[in-house]
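Whatever order the structure lists them in is the order used to number ligands and atoms, beginning at 1.
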Amino acid sequence: MIKVLIFDLDDTLYYEKNYVLGGFREVATYLSSKYNISIELLYDRCLQILEKDGRGKIFDIICEENKFDEDVNKLVSIYRDAKPKLALYKDSIEILNWIKGNKLKSGIITDGYNKVQWEKIKSLGLEKIIDKIIVTDDYGEGFGKPNKRSYIDMIKFFNVNPKECVYIGDNPTKDFIGAKEIGINTVRIIREYGDHINAKLDSKYEAEFTIYNLNEIKEIIFND
Ligand SMILES: [Mg+2]
């Protein structure tokens, strides 16, 4: 029987791009006032580069194109300090309420820069709702998913068997392989938007179940 539902954060419980866009706006605002260029122009260019090349080198490209004499690390810290208003997906709220109503337990395991991840968690109000939150970056380097440490700590915290847990995430490259190795049930959520919705990997990376709305987890649990 499933007792604990463990979630990934980004693109599983909320739409991460809203966070990214909020960060771009802060950086565009800073550069705009320093170099007297339109915020919208800079912001739109960030989006274009994101669509074309993904994250990673966006601020380097912006500085190069505009000949800004800027320390990119400074821009990264402005991006990370941004506190955009975030909102949970509707079905995230529904399933978290359902978990509470059914006396089940909830957890989050999330990778990413710890300061940023905790800000997101706070902004989404998850500290008050989720029973155990692990930001893998708090362990130090090398413990991000698929490393098994966070999954094992989660099981120990709730004092349950892996089979009594389910991990729900969106990214097959790292969300399921570690969880499966220790016997945690796995569910992939595919949403309308997100960086990994089209990823198709070898079966050892894939979750046992695929869903399109978090409420579908109820059926999986009832059929368990
Ligand atoms: Mg994710």
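- With D91 contributing its side chain and N213 its backbone, the two residues share no donor-acceptor pair below 3.5 Å.
- When you scan the N, O or S atoms of D8 for the one nearest the Mg ion (ligand 1), you land on OD2.
- The Mg ion (ligand 1) has an N, O or S atom of D170 inside 2.8 Å of it.
- The side-chain tip of K3 does not point at the ring of F158 from less than 6.0 angstrom away and within 45° of straight on.
- Around atom NZ of K105, no more than 12 heavy atoms belonging to other residues, nucleotides or ligands sit under 6.0 Å away.
- Residue D10: an N/O/S atom is found under 2.8 Å from the Mg ion (ligand 1).
- Atom NZ of K90 has 12 or fewer neighbouring heavy atoms from other residues, nucleotides or ligands inside a 6.0 Å radius.
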